[in-house]
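See below for the structure under consideration.
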Amino acid sequence: MVNYDKAFEIGKHIPNAHKIIKEAQNRSAEFRNSMLAAKNARLDVKYGPSARNTMDVFTPSSPVRANLIFLHSGSWFKSDKSLWSHLAHGSLQNDVRVIIPNYTLCPNASIPEITQQIKNCVEAVAAEFSGPVIIAGHQSGGHLAARMACAGVLNASTSVRLSHVLPISPICDLTPLIYTSMNKQLHLTEEIAALESPTILDLEEDTTVTVWVGSDERPVYIEQAKLLASRWDCYFVSSKDRNHYDVIDGMEIQTSKLLGRLFFNIEA
């Protein structure tokens, strides 16, 4: 039997993982403080009734071309939006507003409830801001990004404004997680896994999706990314020499291939 705990294990397979995480957290705090000083940040904006239904909004000084919602990783039961602020840097340089939300973490919310909260967030962003809406997410955030692209999830007025969805190293077949120690937090059943796995759900018509994964990822993440891209017959990128941590580094760089792909279909 496959040891799924080891299959989804990340940090032990990346040299200096703790140092990488700490450096990213420091960059995030510095970036957030600089944006607050420039009065280009709104923190903890409410989008729903729960305590963690808040989002940080970073707006460029120049006219806004689009709105990017970035959904962070953390396996649905850990992490916080404040640790990922630095990833807005590259998008802002491309004149794209960036929204990074929190949501209620498992086990205080189920994954279907988290999906509903993110739906509420996306629709709140679409209601408040004009222009195209783009969604990107990493790992569990990649799952949530993909769920927003599933048929019938977003309301019609929001769905038609969805310019691009980019799941990065997504977990999109949730069934294996039933057999991990993480399930003590996630409380997945086969029924819930089936309802929440984009790999067995239909893509919303006319929705553009790119699935992105690092070539040096753990095999299970590569397999899941390929499975989703195959199921949805969408664009697939294996980013050379990138692992689970540095595959998102391109979010910080204005001219990165990642952002080039993410924004390829919005007007200059």
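- Taking the six-membered ring for Trp, Tyr103 and His72 have ring centres closer than 6.0 Å.
- In terms of modelled atom types and a separation under 3.5 Å, the side chain of Gln224 and the main chain of Cys172 share a donor-acceptor contact.
- Side chains of Cys106 and Ile111 form a contact here, defined as non-hydrogen atoms less than 4.5 Å apart.
- To the nearest 0.5 Å, atoms CD (Glu123) and OG (Ser159) are separated by 9.5 Å.
- Thr255 OG1 to Asn94 CG: the interatomic distance, rounded to the nearest 0.5 Å, is 8.5 Å.
- Other residues, nucleotides and ligands place more than 12 heavy atoms under 6.0 Å from the NZ atom of Lys46.
- Gln139 places a side-chain N or O within 3.5 Å of a backbone atom of Gly74 that can act as its donor or acceptor partner.
- Taking the side chain as every heavy atom from C-beta outward, His244 and His138 approach each other to under 4.5 Å.
- No continuous path of hydrophobic side-chain contacts links Leu162 to Val64 [ILVMFWY only; heavy atoms under 4.5 Å].
- Cluster annotation: Val237 and Phe264 are assigned to distinct hydrophobic clusters (Ile/Leu/Val/Met/Phe/Trp/Tyr, side-chain heavy-atom contacts under 4.5 Å, transitive).
- Remark: Thr189 OG1 to Asn183 CG distance equals 8.5 Å, nearest 0.5 Å.
- Considering all non-hydrogen atoms of both residues, Ala194 and Leu201 come closest at O-CD2, 4.3 Å.
- The neighbour count for Asp233 CG, taken as heavy atoms of other residues, nucleotides or ligands under 6.0 Å away, does not exceed 12.
- In this structure, the separation between CE on Met251 and CG on Leu259 is 6.0 Å, given to the nearest 0.5 Å.
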- request: With side chain to side chain contact (heavy atoms under 4.5 Å, CB included) as the test, would you mind laying out the steps for His164 and Arg261 before giving the verdict?
  value: CA-CA 9 Å; His164 198 178; Arg261 180 62 192 173; 4.0 Å; yes
Steps toward side chain to side chain contact (heavy atoms under 4.5 Å, CB included) verdict (Lys184, Phe77): CA-CA 10 Å; Lys184 294 176 182 177; Phe77 68 91; over 6 Å; no
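- Ring geometry, His143 versus Trp76: the interplanar angle exceeds 60°, so the pair is classed perpendicular (tilted spans 30 to 60°).
- With hydrogens and angles ignored, the 3.5 Å screen pairs no side-chain donor or acceptor of Asp173 with any backbone N or O of Ser197.
- Here Ile99 contributes atom CD1 and Arg42 contributes atom CZ; the two are 9.5 Å apart, rounded to the nearest 0.5 Å.
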- prompt: Hey, mind stepping through Asn102 and Met55 against side chain to side chain contact (heavy atoms under 4.5 Å, CB included) and telling me if it holds?
  reply: CA-CA 6 Å; Asn102 268 347; Met55 55 188 178; over 6 Å; no
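- When atom types are taken as modelled, the side chain of Thr59 and the backbone of Asn40 share no donor-acceptor pair closer than 3.5 angstrom.
- Residues Leu83 and Ile21 are not in side-chain contact: their nearest non-hydrogen atoms beyond the backbone lie 4.5 Å or more apart.
- In this structure, Lys119 and Val153 approach most closely via the heavy-atom pair NZ-O, 2.8 Å.
- Across all non-hydrogen atoms, the minimal contact from Ala136 to Ala145 is C-CB, 4.1 Å.
- When all heavy atoms of Ala149 and Val209 are compared, the pair lying nearest together is CB-CG2, 4.1 Å.
- Defined by atom type and a distance below 3.5 Å, a donor-acceptor pair is present between the side-chain atoms of Thr104 and Gln117.
- With hydrogens and angles left out, the side-chain atoms of Thr207 and Trp232 include no donor and acceptor closer than 3.5 Å.
- Follow the hydrophobic side-chain contacts under 4.5 Å out from Ile134 and you reach Tyr235 in the same cluster.
- Proximity of Arg161 to Pro132: side-chain heavy atoms (C-beta onward) are nowhere separated by under 4.5 Å.
- Taking 4.5 Å as the limit, some side-chain heavy atom of Ser91 sits within range of a side-chain heavy atom of Phe263.
- Residues Leu71 and Ile10 fall within the same hydrophobic cluster, defined by Ile, Leu, Val, Met, Phe, Trp and Tyr side chains chained together at heavy-atom separations under 4.5 Å.
- Looking at Ser62 and Asp95, their side chains do bring a donor and an acceptor atom within 3.5 Å of each other.
- In this structure the side chain of Arg242 reaches within 4.5 angstrom of the side chain of Asp249, judged on heavy atoms.
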field: CA sep, side-chain torsions, deciding dist, call: Asn120, Asn53, side chain to side chain contact (heavy atoms under 4.5 Å, CB included)
entry: CA-CA 9 Å; Asn120 294 344; Asn53 287 172; 5.7 Å; no
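- Pairs of residues two or more places apart, or lying in two chains, that qualify as salt bridge (charged side-chain N to carboxylate O under 4.0 Å, His left out) and include a residue from residues 195-210 are Arg147-Glu196, Asp202-Arg231.
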Steps toward side-chain hydrogen bond (donor to acceptor under 3.5 Å, both in side chains) verdict (Ser181, Asp5): CA-CA 7 Å; Ser181 58; Asp5 275 319; 3.0 Å; yes
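- None of Ile168, Leu228, Leu227, Val165 except one satisfies the side chain to side chain contact (heavy atoms under 4.5 Å, CB included) rule with Val211; the exception is Leu228.
- Taking the side chain as every heavy atom from C-beta outward, Glu128 and Val57 never approach each other to under 4.5 Å.
- Ring geometry, Tyr4 versus Phe8: the interplanar angle falls from 30° to 60°, so the pair is classed tilted.
- The shortest distance between side-chain heavy atoms of Phe58 and Ile100 falls below 4.5 Å.
- In terms of heavy-atom proximity, Ser140 sits nearest to Ser75 at OG-N, 3.0 Å.
- How far OG of Ser73 is from NZ of Lys78: 8.5 Å, rounded to the nearest 0.5 Å.
- Using modelled atom types, no side-chain atom of Ser28 and backbone atom of Gln25 make a donor-acceptor pair closer than 3.5 Å.
- Contact detail for Ser169 and Glu217: the closest heavy-atom pair is OG-OE2, 2.7 Å.
- A distance-only check finds no donor-acceptor pair linking the side chain of Asn16 to the backbone of Lys19 [under 3.5 Å].
- Note: the hydrophobic cluster containing Val98 does not contain Ile253 (ILVMFWY, side chain heavy atoms under 4.5 Å, direct or indirect links).
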